Structures are given as C-alpha cells and as structure tokens.
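First up is the structure itself, then whatever we jot down about it.
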Amino acid sequence: MSLRIYNTMSRAKEEFIPLHPPKARLYCCGPTVYNYAHIGNLRTYIFEDILRRTLRFNGFEVEHVMNVTDVGHMTTDADEGDDKMQVAAQREGKSPWDIARFYEEAFFSDTARLNIERPEVTPRATEHIGEMIEMIKRLEENGYTYNTSEATYFDTSKYATYGKLARLNLNEQRQGARAEVVMDETKRNPSDFVLWFTNKPTHIMKWESPWGVGYPGWHIECSAMSMKYLGETFDIHCGGVDHVPVHHTNEIAQSECSTGHPFVKYWMHGEFLLTNNAKISKSTGGSINRLQSLIDAGYDPLAYRYLCLQAHYRSELNFSLEALDAATAGLRKVYSTRPENDPFAQNEAGYPEARQRVFDALNDDLGTPQAVGLLHAYGSYRLWIEFDAILGLDIAKRSQPTEEALPAEVLALIEQRNAARTSKNWADSDALRNQLIALGYEVGDSSQGTTVKRKAL
RNA sequence: GGAGCCGUACCCAAGUGGCUAAGGGAGCGGUCUGCAAAACCGCGAUCCACCAGUUCGAUUCUGGUCGGCUCCUCCA
C-alpha cells in the first residue's frame, strides 16, 4: 500500500503524490520562542518527525522546513505593547533577541532528546523581514490590502474562498468570542488580519517598511519563508489543529493572493495533548509541563515519545504520569526483545508479510498505534529494528546491553555481594543490591550466576 | 451563537456492518530466584456512554440525549 495521509482540506485520506518526485517538500509551523516548549507542543513535533521519517521510508527525498518565530506578533493591549516576546524580555531583564535565542536553544535541545530529527531548514522570522515585506508589497499591488491608523490589513472580503480550509461560515463567527481578545475598530471585516503593524511605538523589535516603522503580522512569516525555501506551491503543510481556523486559513489567503497559485497540496494537523482532560496552555503556566521536569522526575524522554506513538496523531491524548509509567514499562519490553528469540529466525518466509503489515499500518495515515501493536504481537527484534527508522526509539542502541566496562566501584560492590551470597548472608546481599540499583544498575541472580548491567530505562 | 472532535476494560489506546473487539501498562496465577528484579507463559471487556431507528445482523450507519474537549485573532 502506498502512503495515504489525511488532508484537512478535503477531510479525507488521500494518496500522497508529490508535486516533484522524488522530492517531498513539507513545511511545519515551528515554535514561538518566548518560553519553554511544553510536552503538548512537543507532541506535534513528534508527529511531524514520524511523518518525515515515513516519507523517507517510502523512498522520498524529504525537504523539511520549520520556522522559528522569534518576533512577538501578538498584542493584547495596544498601548502597552504587551507582546509575548517583550513581556518575557522585561520579565527576565534581557533583550527580545536574547530571549529568542535562549528559548530556541532550549527547544532544539528538547527535540533532540526526543529523537526528533532537525528539519533541513529552520529559518528565523527576524532574518526574513525583507521577504515578508516583498510579499506584502505584492499583495498590495494585487489589491488585497488596506491601511489604517493601526496597521496594514489583508482584506478577506476580496478573497472569495477565504475560510475554505476550516469551512468557516463567516456570518456565524462571533468576533471576540473570548473576552481577552482586543478588537480593532479600524478593521473593515472581523476576519481581516494584520500584515504589518505600524502603530506600536513601544514595541522593541521593529523594522522600516513602506507602510511605516513596525513589525510583521502573525501569519506572514510562514507564507514568506515556506515559499522561499519550498516554492510557491509545495506538498505538505503541518501544524497543530488550533492553526486550522486562523493561522493556516490566513496563510492560504495571503499566499494564494500574492502568487495566484495554489499554496499547499496536503494539510495535516496534530491533535492536542490533554492533561486532566484539558489542553496545556503555553501562556498559563504551561511551562511546568516541560520535558525537563519529566526528566528531573526520572523519566526517559523516549518513554514520552513512545507514549505519543501509542495514540494516533489526530486523536487527543490524555497525558498522566500513570500513562507515562505504562509507556516506560512498555518501552522496556521493546528494549528487552532479543534477536536470538526472533520468531522469523526459524521462519524466514513469514518475514515479508509481517513487514508489509506493519508498513501498511504506518502508510495508512501514520498508524503508529497499530504498528506498535503489531510489532509487539510479532515480538521480532529484526522487525523492531527495521521500523525503528520511523519510530525513532533507539532500539538497536538501547536493547543491546553494551559490554561497557563497569566502574571499579561497581565491581567492588558486586564482589562483596557475591561473597555475601556464597556465605548466605542475605541481609548484606540485599543491601548491596540496593546500592547497585541506586547507582542505576540492574541486578539479576539466576542459576547461571549474577548479572549486573546498566539500566536501559 | 457558530464550526469541529470525542466518549471502547482499572489506566493509555487501536479497530470493524457479521470469525474469539488489537497492543501496552496495572492486576492476578505460574516458571525462574535465597528473596527479589528482569524475562517468559497463562488469565482478563458476553461487551464498545445512553435511547431510538435503518438492517437478516451495529460497538461500527442515521437521529436524539447526556458527558467531555478544541477552535471562532495567545496557543502545537
């Protein structure tokens, strides 16, 4: 079965046929680096990582671009310039640029620990202001913009298919459905959005433009940067589901109106991670749900990755420590699969079919839960290893108890314990075993003797 | 108010118009062990929120009810 993916635009699974085979070009909305990413954010990047690995497994050459949003674009209070990046800068006594670099590094450190491959290109918004201005100029030439005392806007009434992706019924949308939303009276239509802010004197990050000194609107960076690196029309655009009604809807409008061409062929969206049946919000203390806090609590980052693989990317996933514990134990089972017990060692003929079933599961809109279930059912080391190219769980490395030399301290403890055991001094033996466990080793006694090895998880 | 999603065992979570409703974890029983841990073997939903309807047959399709979630210019 060839790769099929769910396209939000058609609300159906479609066969993936790239525009320029064997290239597969995808753009993913990246982090806004004013704070630490939380595990909910990270779930989406895991999904995108699975996508790029699956594309590659299918033989495509992946060109993956992910932006780094290092300019604050949101304003909740026009007079104060209450911008996420700026608030963070003031809070921490640093410049917005320092803040952005700091959290960008933290982000890539987290993704690396989750075995999320780094996209081929990770452009920063602040380094593409020129491209954004050029794009707004084109929109202006094409007659899709208007200027007010506050900003340059995109006029959504000029774009007939506005809202197609989200199937918005503009007449039924309620402007400012949430109380916190500041409404701009200078807009012509509720759905119009800012291309370039001009009336924000207290904003620290600002640039010259044909419309005045200011900074870009929220959506323009993704359009400008994706087109720069992937062309005016490319294959796949990903992001979180929350981006469907606004961000991606606006990206489509401004992109297609500036070029006159279709923007993206397939739209894919990852569902939210929930905690206590509610989403984690970055702006309301979401940073306590950092990957680092899980690591500090003794969890392995890959256990979190494994947990995410057990749920489909288009389903909400209820996160809890209990679920993470279960994932940790499940991963341990994966790592304990031994090549010498491989069921296909005696039955070579069964391998291709098994391999195909797992592959088909993955190719059916990234069915990682089915794939993992099948892999467990087969219990084949060889199969796990082959598909770890997609799963990214470091199985080869973690499952082989490396014959690393044990530290002298550990060897001494083992020797003492062996002595205690031969003299049947069980109290000392158990105490010594506890010491070894505390040092991160697994101790096992069997009729063949005692084995001590570093814990894989 | 509008749009969309979801409700499967103790937990996480697949799935299908009709063979025994995946898989993992926990739990229980067993093998192994001085005892453990790990590993391995076995057990585990007569049932898929509830109520109608369509159908020879629905957990799977339709309608409604209840409950939960997300979005409607912070968000992955």
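Just so we're clear, the structure is a prediction, and the values are computed from it rather than from any experiment. In what follows, chains are A, B, ... by sequence order, proteins preceding strands, each numbered from 1.
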P-based separation of U16(B) from C47(B) [nearest Å]:
22 Å
Rounded to whole angstrom units, what separation is found between the CG atom of N434(A) and the P atom of A38(B)?
14 Å
To the nearest Å, give me how far apart CG (L317(A)) and C1' (C69(B)) are.
13 Å
Within the 4.0 Å heavy-atom criterion, would you say V246(A) contacts the bases, only the backbone, or no part of the nucleic acid?
sugar-phosphate
For N341(A) and A39(B), give me the distance from atom CG to atom P, rounded to whole Å.
13 Å
Looking across every strand, which nucleic acid part, if any, lies under 4.0 Å from H247(A) by heavy atom: base, sugar-phosphate, or nothing?
nothing
Identify, between V372(A) and G30(A), the residue whose nearest nucleotide on RNA chain B lies closer to the 5' end.
V372(A)
When rounded to the nearest Å, what value does the distance between C1' atoms of A22(B) and U59(B) take?
15 Å
Centroid separation under 6.0 Å, is that true for the rings of H248(A) and H269(A)?
yes
Could you tell me how far apart Y27(A) (OH) and A76(B) (P) are, to the nearest whole angstrom?
13 Å
Compute the ring centroids of Y229(A) and F234(A), then answer whether they are less than 6.0 Å apart.
no
How would you label the contact of D192(A) with the nucleic acid (heavy atoms, under 4.0 Å): base, sugar-phosphate, or nothing?
base
If the C1' atom of G30(B) is compared with that of G23(B), how far apart are they to the nearest Å?
23 Å
R314(A) CZ to C69(B) P, in whole Å, measures 22 Å
Please state the C1' separation for the pair C69(B) and A21(B) - nearest whole angstrom.
25 Å
With rounding to whole Å, what would you report as the distance between A38(B) and C72(B) at their P atoms?
45 Å
Roughly how far apart, to the nearest Å, are A9(B) and A49(B) at atom C1'?
14 Å
Using whole Å, report how far CG of L309(A) lies from C1' of A14(B).
14 Å
Would you say CZ of R332(A) has more than 12 non-hydrogen atoms from neighbouring residues, nucleotides or ligands within 6.0 angstrom?
yes
Rounding to an integer number of angstrom, what distance separates C6(B) and G15(B) when you compare their P atoms?
11 Å
Mind checking the C1' distance from C51(B) to U70(B)? Whole angstroms is fine.
27 Å
Assess whether atom CD of Q292(A) is packed by more than 12 heavy atoms of other residues, nucleotides or ligands within 6.0 Å.
yes
Which pairs, protein N/O on one side and nucleotides 25-34 of chain B N/O on the other, fall under 3.5 Å?
| from | atom 1 | to | atom 2 | distance (Å) |
| --- | --- | --- | --- | --- |
| G34(B) | N7 | R421(A) | NH2 | 3.2 |
| G34(B) | O6 | R417(A) | NH2 | 3.4 |
| G34(B) | O6 | S429(A) | OG | 3.1 |
| G34(B) | N1 | D430(A) | OD1 | 3.0 |
| G34(B) | N2 | D430(A) | OD2 | 3.1 |

Is the shortest distance from a Lys or Arg side-chain nitrogen in E120(A) or R52(A) to a carboxylate oxygen in the other one below 4.0 Å?
yes
Is the distance between the ring centroids of F359(A) and F57(A) less than 6.0 Å?
yes
Taking side-chain contact (heavy atoms from CB on, under 4.5 Å) as the test, write out the residues that go with D360(A), two or more places apart.
M1(A), Q356(A)
Nearest-angstrom distance from the residue atom CG of L375(A) to C1' of A14(B):
14 Å
Pair H203(A) and Y215(A), ring centroids less than 6.0 Å apart
yes
Look at the rings of W267(A) and H237(A) and say which category their plane angle falls in: under 30° parallel, 30 to 60° tilted, over 60° perpendicular.
parallel
Between R398(A) (CZ) and A38(B) (P), how many Å, whole number?
17 Å
Give the stems involving RNA chain B, where a stem is 3 or more consecutive Watson-Crick or G-U wobble pairs (i with j, i+1 with j-1, and so on) under 3.5 Å.
B:1-7 with B:66-72, B:10-12 with B:23-25, B:27-31 with B:39-43, B:49-53 with B:61-65
Along RNA chain B (nearest heavy atom to each residue), the more 5'-positioned of Y45(A) and S336(A)
S336(A)
The single option from I39(A), L309(A), T328(A) that satisfies side-chain contact (heavy atoms from CB on, under 4.5 Å) with Y304(A) is I39(A)
